[in-house]
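Below is one structure, written out as structure tokens; comments come after it.
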There are 2 protein chains.
Amino acid sequence: MKAVLITIGDEILSGNTVDTNSNYIAAQLKNIGIAVQQIFTISDDVETIKTALKSAFEIGTLVITTGGLGPTKDDKTKIAFAEFFEDELKLDEETFEHLRKLMIKRKREHLLEINQNQAVVLSKAQIFQNENGTAPCQMICKDGKIAICLPGVPYEVKPLIQNKIIPYLKEHFALQYIVSRIISVVDFPESLLSMRIENWELALPENISLSYLPIGNRVKLRLTGVGDDFQIIENQLDKEVEKLRPFIEEKVISWNGNEIQEILKEILTKKNLTISTAESCTGGEIARLITSVSGSSKYFQGGIVPYNYHQKIKILGVSAETISEKTVVSQEVAQEMTLGCQKLFGTDISVSTTGVSGPNSDEFNNEIGVVFYSIRVRDFEKTNRLFLPHLERNDFANFVSQRVLQDLVEILVKEIR
Amino acid sequence: MKAVLITIGDEILSGNTVDTNSNYIAAQLKNIGIAVQQIFTISDDVETIKTALKSAFEIGTLVITTGGLGPTKDDKTKIAFAEFFEDELKLDEETFEHLRKLMIKRKREHLLEINQNQAVVLSKAQIFQNENGTAPCQMICKDGKIAICLPGVPYEVKPLIQNKIIPYLKEHFALQYIVSRIISVVDFPESLLSMRIENWELALPENISLSYLPIGNRVKLRLTGVGDDFQIIENQLDKEVEKLRPFIEEKVISWNGNEIQEILKEILTKKNLTISTAESCTGGEIARLITSVSGSSKYFQGGIVPYNYHQKIKILGVSAETISEKTVVSQEVAQEMTLGCQKLFGTDISVSTTGVSGPNSDEFNNEIGVVFYSIRVRDFEKTNRLFLPHLERNDFANFVSQRVLQDLVEILVKEIR
């Protein structure tokens, strides 16, 4: 089954909001073998929505829209659906009752009347009630077309997709399986890598495709198989990975894992190691990445963001002399930070960052874009310097955080027994 | 001028990568008066790219693509452009020279040959060299259509857009201005708000539009004006904001600001206050939000992520008795955390979070979704409890972090003189 997603909302077209719903929905659909062919992001306008529905059904049989279901005047999705499917809108008693209960639960009964419009739905639609918001999810099937409209708020979308839409689609449609393996290769430029594995790639079976996703100095190789039998695809993928192994083995830090923090979890859990962080220029991003993984409290003891250099001295015990001699952005300070951090939190591993992310320099006039990071695993220590003047503030923090965790994983795979 | 963005890449359709380029490009174009009408996200396939180009030029005169320019086999953008514009691809000496210098700088001269394909460009294109990667940006103009293809890596896209494309478009095309004001309203449900300001909204001039963007318990009202004269739009917006003021004044925490961390910066700078953070269940997200703003080192002293409760006792001085009596997820612990944090970092303000983000409970068997947060401004203290069982781990951290900063701003606006 082929799907098209339609994201409705001027806030996305104007660059005010990043669309994260599509990403989530695409990943969930992929798990049950539905491939998203295209995503349209359009404005909140009845004619535009109808045109998009028409184009979308030329590409796929399943169309899922998000957004444009709020109670305010700028939300037009329902009207467009009614016109497109030649249906009418009517007040649904069951949905109204659901809405009433939600309002009572939220102590907002006085708002029921003005939210009543949220219980007005397509007369031929199947309704999936929304537990976390006032706009229900509606599904309409006609002439082999399936259209589903969802609200736009991400935390309303996720449970609707996960608990209602995915189970429904799984039950009602015979689907193909899509299975992936993501292999993480480091220190191997994409162009060189593609040359090295060219013959293997050209010999891949027709139902298996390869793509390259560079991130920092890591390249993720994603191998995707499609077919009717889950086990057959699994076996095919295993076989191809085995064929690939000798070409790239020494550069691989993970044979299956998407996010670096998930790969880290696997290794730390296996080796039974704990970790803490001391972040200056990354401002908490490394701690946030590590704790974004469920179960991280087993190995993550804590982190500190000693943003001001006085805090580096006071809390981490970095020497004031080192700072005045070498400045706060130096190899020596990065090393003293991991040492102090390891001690403060009592962990096997600690990582630290200190740098100037710009747009302004620091009080020591260090060059914008310079960063030192240190990784300490028990007595093993490695410091590195990066120079990233082209990255704006937030990309800088993301890039450095990814790189630190990636280097840590590489050390744990290659250096630590 | 109307624009359409085309995002090319299977990694986005499969849900592996969130598309942040479109958001950045749309915001930058808006600043110079170019409105993005639609965004297509499509797969890396020559025919699909050509079809998308055709559809896009039915909507706008400027089309910008990202992605699909890498050296590997899965990148097809250039070929599609050549076929669509009936142009041919040829090796460009200047681009090759640029590539050669880049490779030397990166100590990767041995890779020049296999990256040579990156210097093969459309014969009729204008080239904007890429300082941060191997794929150049190409622009082709034909029959009143303007198409620009960019690489897909965000930190290559941003400088190309900011330093080359935007100045070029500004210089060569007479553009309309698009100006916005974002007003942040708290504790005022969208439906009730829309009713309250309905008459004002209906009387808005034709060139001014309004949209509602709910985020946590804040609603951002975005007022957007379009026109040929910047100053006239500015005056119109000022006038409309003044008319709106009496209806919502008591619920407004900011009259112009998009992100809560930017609003916070303005207030902290004006009031000359410093801040620190103690985060458990938000895992560093609040520190990361605060430090994402340039100049935050002026008021942010530091943060701590005492993930394990022993660290709360050891570093923040939370009492072990309080933890054993009330458990670690309690009003009392949240309060002791801000007290300890304020002392540790010596700041005017401190905020803390402690909660259970799931999917598993903590060692005290607290209910999943419960969170307490405390906000301390000198001697003023406020604690709040939220219950968010429906949010998955990362949404939970985001939601709580937004809410904490939002409440803090509200307190600073209303309570602290």
Side-chain angles (χ1 to χ4, degrees), chain A residues 10-11 13-16 18 20 23 26-27 30 36 38-42 70-72 74 108 111 114-115 131-132 154-155 158-159 189-192 194-195 211-213 222 258 283-285 287-288 291-292 294 297 300-308 311 345 359 390-395, chain B residues 10-11 13-18 20 23 26-27 30 36 38-42 70-72 74 108 111 114-115 131-132 154-155 158-159 189-192 194-195 211-213 258 283-285 287-288 291-292 294 297 300-308 311 345 359 390-395:
Chain A
D10 292 332
E11 68 277 16
L13 293 174
S14 68
N16 274 86
V18 174
T20 54
N23 179 263
K30 198 190 139 193
V36 171
Q38 292 203 19
I39 304 167
F40 300 149
T41 306
I42 62 173
T72 52
D74 56 340
R108 289 190 172 169
L111 298 184
I114 47 169
N115 275 295
E131 311 300 331
N132 303 309
Y155 65 80
K158 286 184 188 174
E190 186 181 350
S191 51
L192 203 62
S194 89
M195 206 169 64
S211 59
Y212 294 74
L213 316 174
R222 195 188 56 224
N258 187 17
E285 175 72 8
R288 198 199 63 80
T291 59
S292 71
S294 153
S297 60
F300 181 65
Q301 291 296 304
I304 177 125
V305 186
Y307 217 53
N308 185 304
Q311 313 296 349
F345 291 102
H390 54 287
L391 296 190
E392 62 97 64
R393 198 169 178 84
N394 287 309
D395 291 334
Chain B
D10 292 332
E11 68 278 17
L13 293 173
S14 67
N16 273 87
T17 305
V18 174
T20 54
N23 179 263
K30 199 189 138 195
V36 171
Q38 292 202 17
I39 304 166
F40 300 149
T41 306
I42 61 173
T72 49
D74 56 339
R108 287 189 173 169
L111 299 183
I114 47 170
N115 274 295
E131 310 300 331
N132 304 308
Y155 63 80
K158 285 185 187 174
E190 185 182 352
S191 52
L192 204 62
S194 90
M195 208 169 63
S211 59
Y212 294 74
L213 317 172
N258 186 18
E285 174 72 8
R288 198 200 62 82
T291 59
S292 71
S294 149
S297 60
F300 181 66
Q301 291 296 302
I304 176 123
V305 185
Y307 218 53
N308 185 303
Q311 314 294 349
F345 291 102
H390 53 288
L391 296 190
E392 62 96 65
R393 197 169 179 85
N394 287 308
D395 291 335

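Here is how names work: the chains are called A, B, and so on, in the same order as the sequence lines, proteins then strands, and each is numbered from 1.
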Q. Taking all non-hydrogen atoms of both residues, which atom of Arg222(A) and which atom of Leu213(A) are closest, and how far apart?
A. NH1-CD1, 4.1 Å
Q) Which atoms form the tightest heavy-atom contact between Ser191(B) and Asn115(A), and what is the distance? A) OG-ND2, 3.0 Å
Select one option (side chain, backbone, both, neither) describing which atoms of [X] are under 4.5 Å from chain B's heavy atoms.
{"X": "Leu192(A)", "value": "both"}
{"X": "Glu11(A)", "value": "both"}
{"X": "Glu131(A)", "value": "neither"}
{"X": "Leu13(A)", "value": "both"}

Q) How long is the span from the CG atom in Asn23(B) to the CD1 atom in Ile39(B), to the nearest 0.5 Å? A) 8.0 Å
**Q.** Rounded distance [0.5 Å steps], OG1 in Thr291(B) versus CZ in Arg393(A)
**A.** 6.5 Å
(Q) Under 4.5 Å from any heavy atom of chain A, what part of Gln311(B) do you find: side chain, backbone, both or neither? (A) side chain
Q.
Can you tell me which of Lys30(A), Gln301(A), Met195(A) forms the most heavy-atom pairs within a distance under 4.5 Å of chain B?
A. Gln301(A)
Q | Contact leader toward chain B among Pro306(A), Pro359(A), Pro159(A), where contacts are heavy-atom pairs under 4.5 Å | A | Pro359(A)
Q: Please examine the side chains of Ile304(A) and Phe345(A), heavy atoms only from C-beta on, and report whether any two atoms are closer than 4.5 Å.
A: yes
May I ask you to name which of [options] has the most heavy-atom pairs under 4.5 Å with chain A?
{"options": "Ala287(B), Ser297(B), Ser292(B)", "value": "Ser292(B)"}
{"options": "Gly283(B), Pro189(B), Gly284(B)", "value": "Gly283(B)"}
{"options": "Thr20(B), Asn258(B), Ile42(B)", "value": "Ile42(B)"}

